[in-house]
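Comments concern the structure below.
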Amino acid sequence: MIIVLKPRTAEEDLNRVVKMVEGKGLEAHVVRGEEMTIIGCIGDTVRIDPRLFEVDRSVDKVMHVQEPYKLANRAFHPEDSTVDVSGVKVGGGHMAMIAGPCSVETEEQVIEVARAVKAAGANLLRGGAFKPRTSPYSFQGLGLEGLDLLCKAKEETGLPIVTELMSAEYLEIFDEKVDLIQIGARNMQNFDLLKQLGQTKRPILLKRGLNATYEEWVMSAEYIMASGNENVILCERGVRTFETYTRNTLDLQAIPVLRRMTHLPVIIDPSHAGGKWWLVDSMAKAAVAAGADGLMIEVHNNPELALCDGGQSLKPTKYADLLKQLSKIAAAVGKEW
Ligand code: PEP
Ligand code: MN
(Lines give C-alpha, C1' and ligand atoms only; values in the text may rest on other atoms or scores of the structure.)
(Ligands and ions follow the chains in the order given, each with its own letter.)
Protein backbone atom coordinates (compact mmCIF):
# COMPACT_ATOMS: atom_id res chain seq x y z
CA MET A 1 0.00 0.00 0.00
CA ILE A 2 1.24 3.50 -0.72
CA ILE A 3 0.14 6.74 0.85
CA VAL A 4 0.63 9.85 -1.27
CA LEU A 5 0.81 13.01 0.83
CA LYS A 6 -0.40 16.42 -0.25
CA PRO A 7 2.22 18.71 -1.81
CA ARG A 8 4.33 20.66 0.73
CA THR A 9 3.34 18.49 3.68
CA ALA A 10 5.25 19.61 6.77
CA GLU A 11 7.67 17.28 8.57
CA GLU A 12 5.44 17.02 11.66
CA ASP A 13 2.44 16.01 9.54
CA LEU A 14 4.56 13.39 7.77
CA ASN A 15 5.71 12.04 11.13
CA ARG A 16 2.13 11.79 12.34
CA VAL A 17 1.11 9.68 9.32
CA VAL A 18 4.23 7.52 9.70
CA LYS A 19 3.25 6.84 13.33
CA MET A 20 -0.24 5.83 12.22
CA VAL A 21 1.29 3.40 9.71
CA GLU A 22 3.61 1.92 12.32
CA GLY A 23 0.70 1.69 14.72
CA LYS A 24 -0.89 -0.77 12.30
CA GLY A 25 2.17 -3.00 12.54
CA LEU A 26 3.55 -1.88 9.16
CA GLU A 27 6.95 -0.60 8.17
CA ALA A 28 6.89 2.95 6.74
CA HIS A 29 9.25 3.69 3.89
CA VAL A 30 9.33 7.43 3.19
CA VAL A 31 10.37 8.75 -0.22
CA ARG A 32 10.54 12.53 -0.39
CA GLY A 33 10.62 13.49 -4.07
CA GLU A 34 10.79 16.95 -5.58
CA GLU A 35 7.11 16.90 -6.46
CA MET A 36 5.59 14.67 -3.83
CA THR A 37 6.14 12.65 -0.71
CA ILE A 38 5.15 9.00 -0.62
CA ILE A 39 4.98 6.57 2.26
CA GLY A 40 5.40 2.97 1.14
CA CYS A 41 3.80 0.62 3.65
CA ILE A 42 5.44 -2.78 3.92
CA GLY A 43 3.78 -5.70 5.67
CA ASP A 44 0.42 -7.39 5.63
CA THR A 45 -1.71 -4.58 4.20
CA VAL A 46 -4.46 -6.74 2.69
CA ARG A 47 -6.92 -6.25 5.51
CA ILE A 48 -6.13 -2.57 6.08
CA ASP A 49 -8.85 -0.14 5.06
CA PRO A 50 -7.33 2.77 3.07
CA ARG A 51 -9.97 5.11 4.54
CA LEU A 52 -8.16 4.94 7.86
CA PHE A 53 -5.46 7.12 6.30
CA GLU A 54 -7.52 8.97 3.72
CA VAL A 55 -9.29 10.94 6.43
CA ASP A 56 -5.99 12.54 7.51
CA ARG A 57 -5.67 16.17 6.37
CA SER A 58 -2.19 15.63 4.89
CA VAL A 59 -3.09 12.56 2.85
CA ASP A 60 -3.89 13.01 -0.83
CA LYS A 61 -4.63 9.37 -1.74
CA VAL A 62 -4.00 5.79 -0.69
CA MET A 63 -3.45 2.95 -3.15
CA HIS A 64 -2.98 -0.75 -2.78
CA VAL A 65 0.02 -2.02 -4.76
CA GLN A 66 -0.93 -5.19 -6.60
CA GLU A 67 2.58 -6.32 -7.49
CA PRO A 68 4.52 -8.57 -5.10
CA TYR A 69 7.53 -6.25 -5.29
CA LYS A 70 7.27 -3.14 -3.15
CA LEU A 71 10.60 -1.40 -2.49
CA ALA A 72 11.67 -1.93 -6.11
CA ASN A 73 8.28 -0.79 -7.42
CA ARG A 74 8.09 2.39 -9.49
CA ALA A 75 4.92 3.28 -7.54
CA PHE A 76 6.96 3.44 -4.32
CA HIS A 77 9.55 5.72 -5.87
CA PRO A 78 8.23 7.55 -8.95
CA GLU A 79 11.57 9.14 -9.84
CA ASP A 80 14.47 7.14 -11.31
CA SER A 81 16.90 5.98 -8.65
CA THR A 82 20.51 7.00 -8.92
CA VAL A 83 23.01 4.54 -7.48
CA ASP A 84 26.37 5.96 -6.41
CA VAL A 85 29.25 3.58 -7.17
CA SER A 86 32.20 5.14 -5.35
CA GLY A 87 31.47 8.52 -6.92
CA VAL A 88 30.24 7.25 -10.29
CA LYS A 89 26.52 7.97 -10.59
CA VAL A 90 24.37 5.37 -12.33
CA GLY A 91 20.75 6.06 -13.33
CA GLY A 92 18.69 9.23 -13.68
CA GLY A 93 20.59 10.33 -16.81
CA HIS A 94 24.00 9.06 -15.72
CA MET A 95 25.49 6.02 -17.41
CA ALA A 96 27.78 3.24 -16.17
CA MET A 97 30.29 2.37 -18.85
CA ILE A 98 31.74 -0.84 -17.45
CA ALA A 99 34.52 -2.54 -19.40
CA GLY A 100 37.30 -5.04 -18.85
CA PRO A 101 38.23 -8.65 -19.34
CA CYS A 102 35.94 -11.57 -18.65
CA SER A 103 38.55 -12.91 -16.22
CA VAL A 104 41.53 -11.42 -14.49
CA GLU A 105 44.45 -13.50 -15.83
CA THR A 106 47.71 -11.71 -15.01
CA GLU A 107 48.79 -8.38 -13.55
CA GLU A 108 50.05 -7.19 -16.96
CA GLN A 109 46.81 -8.18 -18.68
CA VAL A 110 44.42 -6.51 -16.27
CA ILE A 111 46.48 -3.33 -15.95
CA GLU A 112 46.92 -3.00 -19.71
CA VAL A 113 43.21 -3.45 -20.34
CA ALA A 114 42.31 -1.12 -17.45
CA ARG A 115 44.51 1.66 -18.86
CA ALA A 116 43.07 1.17 -22.34
CA VAL A 117 39.41 1.25 -21.30
CA LYS A 118 40.02 4.24 -19.05
CA ALA A 119 41.64 6.11 -21.96
CA ALA A 120 38.64 5.17 -24.13
CA GLY A 121 36.28 6.73 -21.58
CA ALA A 122 35.01 3.84 -19.44
CA ASN A 123 34.13 4.82 -15.88
CA LEU A 124 34.15 1.38 -14.19
CA LEU A 125 36.49 -1.60 -14.59
CA ARG A 126 35.21 -5.19 -14.66
CA GLY A 127 37.19 -8.40 -14.27
CA GLY A 128 36.15 -11.83 -13.00
CA ALA A 129 38.14 -13.30 -10.11
CA PHE A 130 35.65 -16.03 -9.17
CA LYS A 131 34.23 -17.47 -12.38
CA PRO A 132 30.99 -19.44 -12.68
CA ARG A 133 32.04 -21.89 -15.44
CA THR A 134 29.78 -24.51 -16.97
CA SER A 135 32.60 -27.07 -16.90
CA PRO A 136 34.58 -27.86 -13.74
CA TYR A 137 37.60 -28.39 -16.01
CA SER A 138 37.52 -24.82 -17.40
CA PHE A 139 39.56 -21.98 -15.88
CA GLN A 140 37.81 -21.09 -12.61
CA GLY A 141 39.42 -17.68 -12.09
CA LEU A 142 42.29 -16.64 -9.84
CA GLY A 143 40.04 -16.14 -6.80
CA LEU A 144 41.38 -13.78 -4.13
CA GLU A 145 44.64 -13.35 -6.02
CA GLY A 146 42.60 -12.13 -9.00
CA LEU A 147 40.75 -9.71 -6.74
CA ASP A 148 44.07 -8.26 -5.55
CA LEU A 149 45.22 -7.80 -9.15
CA LEU A 150 41.98 -6.01 -9.92
CA CYS A 151 42.65 -3.74 -6.91
CA LYS A 152 46.09 -2.98 -8.36
CA ALA A 153 44.49 -1.99 -11.64
CA LYS A 154 42.17 0.29 -9.68
CA GLU A 155 45.16 1.92 -7.97
CA GLU A 156 46.83 2.43 -11.35
CA THR A 157 43.84 3.94 -13.09
CA GLY A 158 41.48 5.22 -10.40
CA LEU A 159 38.63 3.22 -11.96
CA PRO A 160 36.23 1.71 -9.39
CA ILE A 161 35.92 -2.07 -9.81
CA VAL A 162 33.12 -4.52 -10.53
CA THR A 163 33.51 -8.25 -9.91
CA GLU A 164 31.32 -11.27 -9.27
CA LEU A 165 30.61 -12.67 -5.83
CA MET A 166 29.63 -16.33 -5.93
CA SER A 167 29.64 -17.19 -2.24
CA ALA A 168 28.67 -15.22 0.87
CA GLU A 169 31.89 -16.57 2.41
CA TYR A 170 33.75 -13.70 0.70
CA LEU A 171 31.21 -10.95 1.34
CA GLU A 172 33.31 -9.21 3.98
CA ILE A 173 36.35 -9.04 1.70
CA PHE A 174 34.22 -7.82 -1.21
CA ASP A 175 32.63 -5.21 1.03
CA GLU A 176 36.09 -3.89 1.79
CA LYS A 177 37.62 -4.03 -1.70
CA VAL A 178 34.94 -4.04 -4.40
CA ASP A 179 33.02 -0.95 -5.52
CA LEU A 180 30.14 -2.74 -7.29
CA ILE A 181 29.40 -6.34 -6.34
CA GLN A 182 28.14 -8.42 -9.26
CA ILE A 183 25.67 -11.25 -8.74
CA GLY A 184 25.80 -13.39 -11.86
CA ALA A 185 22.95 -14.83 -13.90
CA ARG A 186 23.41 -18.27 -12.35
CA ASN A 187 22.98 -16.91 -8.83
CA MET A 188 20.07 -14.57 -9.51
CA GLN A 189 17.77 -16.81 -7.49
CA ASN A 190 20.25 -17.90 -4.85
CA PHE A 191 18.00 -16.46 -2.19
CA ASP A 192 20.36 -17.12 0.72
CA LEU A 193 23.10 -15.19 -1.06
CA LEU A 194 20.68 -12.37 -1.93
CA LYS A 195 19.60 -12.06 1.70
CA GLN A 196 23.21 -11.83 2.86
CA LEU A 197 23.75 -8.80 0.62
CA GLY A 198 21.74 -6.74 3.09
CA GLN A 199 24.81 -6.85 5.32
CA THR A 200 26.58 -4.40 3.04
CA LYS A 201 25.64 -1.02 1.59
CA ARG A 202 27.89 -1.63 -1.41
CA PRO A 203 25.93 -1.33 -4.65
CA ILE A 204 24.90 -4.62 -6.23
CA LEU A 205 24.82 -5.38 -9.96
CA LEU A 206 22.12 -8.03 -10.33
CA LYS A 207 22.28 -9.86 -13.63
CA ARG A 208 19.18 -11.45 -15.10
CA GLY A 209 18.91 -15.22 -14.74
CA LEU A 210 19.22 -17.27 -17.92
CA ASN A 211 15.47 -17.82 -18.15
CA ALA A 212 14.09 -15.44 -15.56
CA THR A 213 10.91 -13.46 -16.18
CA TYR A 214 10.97 -9.72 -15.48
CA GLU A 215 8.98 -10.27 -12.32
CA GLU A 216 11.29 -13.01 -11.02
CA TRP A 217 14.24 -10.73 -11.67
CA VAL A 218 12.68 -7.74 -9.91
CA MET A 219 11.68 -10.03 -7.01
CA SER A 220 15.36 -10.93 -6.63
CA ALA A 221 16.17 -7.22 -6.42
CA GLU A 222 13.40 -6.98 -3.83
CA TYR A 223 15.13 -9.68 -1.75
CA ILE A 224 18.29 -7.57 -1.63
CA MET A 225 16.38 -4.38 -0.88
CA ALA A 226 14.18 -5.99 1.78
CA SER A 227 17.29 -7.27 3.51
CA GLY A 228 18.53 -3.69 3.86
CA ASN A 229 20.52 -2.78 0.74
CA GLU A 230 18.61 -0.57 -1.67
CA ASN A 231 21.56 0.11 -3.98
CA VAL A 232 20.68 -2.26 -6.79
CA ILE A 233 21.41 -1.97 -10.52
CA LEU A 234 19.82 -4.48 -12.91
CA CYS A 235 21.73 -5.95 -15.86
CA GLU A 236 20.12 -7.64 -18.87
CA ARG A 237 22.59 -10.13 -20.39
CA GLY A 238 20.49 -12.10 -22.84
CA VAL A 239 18.07 -14.94 -22.21
CA ARG A 240 17.83 -18.53 -23.43
CA THR A 241 15.70 -18.99 -26.51
CA PHE A 242 15.40 -21.63 -29.26
CA GLU A 243 18.12 -19.81 -31.22
CA THR A 244 21.52 -21.46 -31.13
CA TYR A 245 23.39 -19.20 -33.55
CA THR A 246 23.96 -16.67 -30.79
CA ARG A 247 24.91 -17.52 -27.20
CA ASN A 248 21.71 -15.94 -25.87
CA THR A 249 19.12 -13.51 -27.23
CA LEU A 250 19.42 -9.91 -26.08
CA ASP A 251 16.11 -8.70 -24.72
CA LEU A 252 16.08 -4.95 -25.33
CA GLN A 253 12.42 -4.79 -24.35
CA ALA A 254 13.70 -5.24 -20.81
CA ILE A 255 14.68 -1.56 -20.79
CA PRO A 256 11.24 0.03 -21.32
CA VAL A 257 9.45 -2.74 -19.43
CA LEU A 258 11.63 -2.42 -16.35
CA ARG A 259 11.40 1.35 -16.57
CA ARG A 260 7.68 0.93 -15.88
CA MET A 261 8.00 -1.76 -13.25
CA THR A 262 10.84 -0.31 -11.23
CA HIS A 263 12.83 2.84 -10.47
CA LEU A 264 16.14 0.93 -10.41
CA PRO A 265 18.79 1.62 -13.10
CA VAL A 266 18.97 -0.92 -15.94
CA ILE A 267 22.16 -1.65 -17.85
CA ILE A 268 22.87 -3.96 -20.79
CA ASP A 269 25.63 -6.54 -21.27
CA PRO A 270 25.78 -7.15 -25.04
CA SER A 271 28.89 -9.36 -24.70
CA HIS A 272 27.28 -12.29 -22.87
CA ALA A 273 24.06 -11.78 -24.82
CA GLY A 274 25.29 -12.42 -28.36
CA GLY A 275 28.50 -14.20 -27.45
CA LYS A 276 30.20 -12.73 -30.55
CA TRP A 277 32.45 -9.68 -30.61
CA TRP A 278 31.00 -8.37 -33.87
CA LEU A 279 27.50 -8.22 -32.40
CA VAL A 280 28.56 -5.95 -29.56
CA ASP A 281 28.77 -2.73 -31.59
CA SER A 282 25.22 -2.74 -32.95
CA MET A 283 23.59 -4.08 -29.78
CA ALA A 284 25.41 -1.54 -27.61
CA LYS A 285 24.18 1.30 -29.83
CA ALA A 286 20.62 -0.04 -29.80
CA ALA A 287 20.74 -0.36 -26.00
CA VAL A 288 21.83 3.25 -25.50
CA ALA A 289 19.19 4.45 -27.98
CA ALA A 290 16.56 2.47 -26.05
CA GLY A 291 17.48 4.27 -22.84
CA ALA A 292 19.86 1.92 -21.02
CA ASP A 293 21.57 3.39 -17.96
CA GLY A 294 24.86 1.84 -18.97
CA LEU A 295 26.69 -1.00 -20.65
CA MET A 296 28.95 -3.78 -19.51
CA ILE A 297 31.35 -4.80 -22.28
CA GLU A 298 34.13 -7.38 -22.27
CA VAL A 299 37.45 -6.03 -23.55
CA HIS A 300 40.67 -8.03 -23.83
CA ASN A 301 44.12 -6.97 -25.02
CA ASN A 302 44.58 -10.33 -26.75
CA PRO A 303 41.17 -11.98 -27.29
CA GLU A 304 42.62 -14.93 -29.24
CA LEU A 305 44.52 -16.02 -26.12
CA ALA A 306 41.88 -15.13 -23.50
CA LEU A 307 41.24 -17.82 -20.88
CA CYS A 308 37.52 -17.10 -21.00
CA ASP A 309 35.08 -15.53 -23.51
CA GLY A 310 37.72 -14.33 -26.00
CA GLY A 311 35.25 -14.75 -28.87
CA GLN A 312 32.94 -12.10 -27.48
CA SER A 313 35.63 -9.68 -26.30
CA LEU A 314 36.46 -6.45 -28.09
CA LYS A 315 40.01 -5.28 -28.67
CA PRO A 316 40.71 -1.97 -26.93
CA THR A 317 40.82 0.03 -30.20
CA LYS A 318 37.36 -1.25 -31.20
CA TYR A 319 36.04 -0.36 -27.75
CA ALA A 320 37.42 3.15 -28.03
CA ASP A 321 35.77 3.63 -31.46
CA LEU A 322 32.48 2.34 -30.11
CA LEU A 323 32.50 4.69 -27.12
CA LYS A 324 33.06 7.71 -29.36
CA GLN A 325 29.95 6.83 -31.34
CA LEU A 326 27.95 5.97 -28.24
CA SER A 327 28.53 9.38 -26.71
CA LYS A 328 26.58 10.93 -29.61
CA ILE A 329 23.66 8.52 -29.16
CA ALA A 330 23.71 9.12 -25.40
CA ALA A 331 23.55 12.88 -25.93
CA ALA A 332 20.58 12.42 -28.27
CA VAL A 333 18.61 10.62 -25.54
CA GLY A 334 19.65 13.02 -22.79
CA LYS A 335 22.23 10.84 -21.08
CA GLU A 336 25.92 11.16 -20.29
CA TRP A 337 28.82 9.52 -18.51
C1 PEP B 1 30.13 -12.22 -16.23
O2 PEP B 1 29.69 -11.09 -16.42
O3 PEP B 1 31.32 -12.43 -15.94
C4 PEP B 1 29.25 -13.39 -16.31
C5 PEP B 1 29.65 -14.60 -15.95
O6 PEP B 1 28.02 -13.10 -16.79
P7 PEP B 1 26.62 -13.87 -16.57
O8 PEP B 1 26.47 -14.10 -15.10
O9 PEP B 1 25.64 -12.89 -17.14
O10 PEP B 1 26.70 -15.13 -17.37
MN1 MN C 1 32.51 -13.50 -19.69
Side-chain angles (χ1 to χ4, degrees), residues 85 96-105 109-110 113-114 117 122 124-136 138-143 146-147 149-150 153 161-167 170 174 178-190 193-194 197 203-212 216-217 220-221 224 232-241 246-252 254 266-277 279-280 283-284 287 292 294-315 319:
V85 182
M97 283 301 180
I98 308 172
C102 180
S103 311
V104 176
E105 297 169 7
Q109 173 242 16
V110 69
V113 176
V117 298
L124 295 164
L125 173 67
R126 69 152 283 148
F130 295 89
K131 294 302 303 175
R133 303 304 300 276
T134 303
S135 164
S138 301
F139 175 58
Q140 303 286 306
L142 297 177
L147 179 55
L149 297 180
L150 200 56
I161 55 176
V162 188
T163 195
E164 179 166 350
L165 175 73
M166 293 209 297
S167 157
Y170 297 113
F174 271 57
V178 177
D179 299 283
L180 176 58
I181 301 175
Q182 179 173 326
I183 298 299
R186 290 154 195 82
N187 272 317
M188 188 207 84
Q189 284 190 315
N190 181 341
L193 180 59
L194 299 179
L197 298 173
I204 307 296
L205 182 67
L206 180 65
K207 298 193 86 175
R208 183 182 189 175
L210 281 76
N211 54 5
E216 286 165 343
W217 185 14
S220 289
I224 302 170
V232 181
I233 300 170
L234 300 165
C235 179
E236 156 66 27
R237 42 79 71 206
V239 288
R240 276 274 166 91
T241 65
T246 51
R247 183 173 181 177
N248 294 290
T249 297
L250 181 62
D251 177 13
L252 285 178
V266 182
I267 75 163
I268 296 290
D269 170 354
S271 306
H272 290 90
K276 300 182 191 301
W277 68 266
L279 271 173
V280 170
M283 292 301 100
L295 293 169
M296 174 141 103
I297 293 178
E298 287 187 338
V299 178
H300 199 287
N301 51 346
N302 201 344
E304 293 81 5
L305 298 180
L307 296 180
C308 183
D309 288 350
Q312 66 190 36
S313 300
L314 293 187
K315 290 183 178 162
Y319 180 69

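Both counts, for ligands and for their atoms, begin at 1 and track the order of listing. Values below: every heavy atom of this structure, side chains too, minus hydrogens, waters and symmetry copies. Along the sequence shown, residues are numbered consecutively beginning with 1.
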(message) Using side-chain contact (heavy atoms from CB on, under 4.5 Å), reason through D269 and C235 one step at a time and then give a plain yes or no.
(response) CA-CA 7 Å; D269 170 354; C235 179; 3.7 Å; yes
(request) With the Mn ion (ligand 2) at the centre, find the angle made by OE2 from E298 and NE2 from H272, to 10°. (result) 90°
(request) Give a yes or no on whether a salt bridge exists between E298 and R126, defined as a side-chain N under 4.0 angstrom from a carboxylate O. (result) yes
(request) Say whether R133 and Q140, considering side chains only, have a donor N or O and an acceptor N or O under 3.5 Å apart. (result) no
(request) Could you verify whether a donor N or O on one side chain and an acceptor N or O on the other, from H272 and D309, lie under 3.5 Å apart? (result) yes
(message) Is it true that, when you exclude K276 itself, more than 12 heavy atoms of the residues, nucleotides or ligands shown sit nearer than 6.0 Å to its NZ?
(response) yes
(message) Checking one value in my table: which N/O/S atom of D309 lies closest to the Mn ion (ligand 2)?
(response) OD2
(request) Take H300 and E105, measure what side-chain contact (heavy atoms from CB on, under 4.5 Å) needs, and give me the verdict at the end. (result) CA-CA 10 Å; H300 199 287; E105 297 169 7; 3.2 Å; yes
(request) Go through the steps for L295 and I267 under the test side-chain contact (heavy atoms from CB on, under 4.5 Å), then give the verdict. (result) CA-CA 5 Å; L295 293 169; I267 75 163; over 6 Å; no
(request) Would you please write out the protein residues whose heavy atoms approach any atom of ligand 1 to under 4.0 angstrom, listed by chain and number? (result) R126, K131, P132, E164, Q182, G184, A185, R186, K207, R237, H272, M296
